[in-house]
Amino acid sequence: MEADEGSGESAVDTRDEWTLLAWTALAVMVPVIITLWCSVQRSKRKMLIKDIFRRSKHGWHYTDLFNKPTYCYVCSQHIMQGAFCDCCGVCADEQCLRRADRSLPCKEIMAPAQPDGTLAHHWVRGNVPLCSYCAVCKQQCGTQPKLCDFRCVWCQTTVHDDCKPGLQDQGRCDLGEFRSLIVPPHYLHRVNKLRRGQTEEYGKLAAACGSGWTPVLVLANTRSGNNMGEVLLGEFRTLLNPVQVFDLSQLPPAKALQLCVLLPPGSVRVLVCGGDGTVGWVLDAIDTMKLKGQEQFAPRVTILPLGTGNDLSNSLGWGAGYAGEIPVEQVLRNIVEAEVVKMDSDRVWGGWKVQVASKGYYNFRKPKVLSMNNYFSVGPDALMALNFHAHREKTPSLFSSRIINKAVYFFYGTKDCLVQECKDLDKRIELELDGERVPLPSLEGIIVCNIRYWGGGCPLWEGMGDEPCPPTRLDDGLLEVKLANPVRLGQAHTVRLVLKSSRMPMQVDGEPWAQGPCTITITHKTQALMLYHCAEQTDDDDDDNSSSSETEGPKQPVPSGSGSGGSGAP
């Protein structure tokens, strides 16, 4: 009897254990299965969205959270996440994305004009910009919590639903405030019908775009500085013709600038969004155009500084760095108001050419030829740049912020102040300015500058030292050579440096390398047209200008720093 009871209890215990084990397995497996199912569905949804994006004429971008109340253009419902087109501004949730892509047209980069030769409005309903006002009643638009009111994707005019019939323009779009910068779609449509080589016809077609038509091309490097390039590309596509906006990570400048050939000669302006290296890349492409016989189509260059140093941008009045402090609309207004100045530029066939001829009995290689727009240096600053670039090549993901980049530069600069790896440079190098040997004091580095600023905003030539000096200019064909203490060594048309022994760090426009014994010759070739921003002067600038005028006489209103300045730290 007791044995039966014991076996019964054992069977119950075993059954309970199996039940507990089954529930435990179920508790573990069900979340895993649900997670895997959700992952598969998420992957399918992403693949579907990518397929729509790839086939679409819209410039779709997906976002998990809109930064303002947004309504779907298809179902008119409020949406928190979904896709938006950075060209025309259309928004849609995931369920309505395919339908929105098929039924809502995007900006046409090339389209025929109306019978009277004008462009028709392209209206998009709802989600108008904040603080926009109706063109008819002058009251604020987009104030109701629903899909309401209209915006033209070309002229950016906004109008209430009820006021739209009262517009006095009879449906004709004048392209708005930035009509002088926009390439109209009907212009490209007419150019496309011309035969090749009929460049004289471009002027006739341009006459229909207005007397002050100076179209702008936007070339942005999305990898520069604090990674603002992607956002800026979308904002410029909204205001301009999308065909005018290029991502340099997807299309090199040489191909992007071929659009200049379809526009009237001498009328095009190029906005380079990036650092000094990106600007040099674009200037290289412009020189390539000149080599191909397209010099008449060479554009004027302006800069939106997104890099770390931005010395060239600072010298031309465009600031030391851009972090969104002014809207892109103001950036375009500044381009319209900018002045044209000539800048000494090289780029292989012209401007400033840096020729590096290595020494050695068995060295039969051709001299290395480099391009210089900003500066050449040998010494501590080149060593900092070399260490920085080596670190960035190993861990590029860490260098996504301008502040982090400058912090790394500060670290290597502090390290060099303690170690002094470049000391006694005067014993290892010889310097000639226009064929005359220059005696060197004790130093660590020499800098040859073609612009006013160096090292992230330091005005080497005119901003330091007590002795009077001739003014620097962007168009004088002279280089300024200095020591970093600083000691001004002089201005010259040709600079020659001879490194007699050991290896030393060198850089040209922020591109560093380690160089053995060699002879370096810097010569001037040609000039590039740049746009100079006449920003409001500060008290320091006024003091500098007044002191320069007392010692040198009147100066022309162009940024100082056309020659190159060299600097060496003792």
Side chain to side chain donor-acceptor pair (under 3.5 Å) against [X], all qualifying residues, sequence neighbours excluded:
X    : result
N241 : none
S501 : none
R179 : D174

Without swapping roles, check the side chain of S267 against the backbone of P264 for a donor-acceptor pair under 3.5 Å.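 Pair found, side chain donor or acceptor close to backbone of P264.
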
Does any N or O in the side chain of E177 come within less than 3.5 Å of the main-chain N or O of E329, such that one atom is a donor and the other an acceptor?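 Answer holds: no.
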
Write down the atom of [X], the atom of [Y], and the distance for their closest heavy-atom approach.
X    : Y    : value
A256 : L217 : O-CD1, 4.2 Å
L248 : W281 : O-CH2, 3.6 Å
V336 : S180 : CG2-OG, 4.2 Å

Non-neighbouring partners of W154 that pass ring-ring contact (aromatic ring centres under 6.0 Å, His included), sequence neighbours left out: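 Partners of W154 by the ring-ring contact (aromatic ring centres under 6.0 Å, His included) criterion come out as none, since no residue qualifies.
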
Among residues at least two apart in sequence or on other chains, which ones pass ring-ring contact (aromatic ring centres under 6.0 Å, His included) with Y187?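 Once residues adjacent in sequence are excluded, the partners of Y187 under the ring-ring contact (aromatic ring centres under 6.0 Å, His included) criterion are W213.
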
By side chain to side chain contact (heavy atoms under 4.5 Å, CB included) - contacts of [X] (at least two apart):
X    : answer
C518 : V356, L499, M506, Q515, I520
T238 : R151, Q156
Q330 : I326, P327, R333, N334
Q294 : Q258, V261, M289, K292, F297

Salt bridge (charged side-chain N to carboxylate O under 4.0 Å, His left out) partners of D426, counting only residues at least two apart: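 Checked D426 against salt bridge (charged side-chain N to carboxylate O under 4.0 Å, His left out); zero matches.
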
Partners meeting salt bridge (charged side-chain N to carboxylate O under 4.0 Å, His left out) with E432 (sequence neighbours left out):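 E432: salt bridge (charged side-chain N to carboxylate O under 4.0 Å, His left out) contacts with R496.
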
Salt bridge (Lys or Arg N to Asp or Glu O under 4.0 Å) pairs, two or more places apart, involving residues 236-264: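 Qualifying pairs: D86-R237.
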
Does NZ belonging to K368 count more than 12 external heavy atoms closer than 6.0 Å?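 Yes, enclosed.
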
Might you confirm whether atom CD of E436 has over 12 heavy atoms from other residues, nucleotides or ligands at distances under 6.0 Å?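 Not buried by this count: 12 neighbours or fewer within 6.0 Å.
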
Evaluate the side-chain proximity of K423 to E444: yes if any heavy-atom separation is below 4.5 Å, no if none is.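 A side-chain contact under 4.5 Å exists here.
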
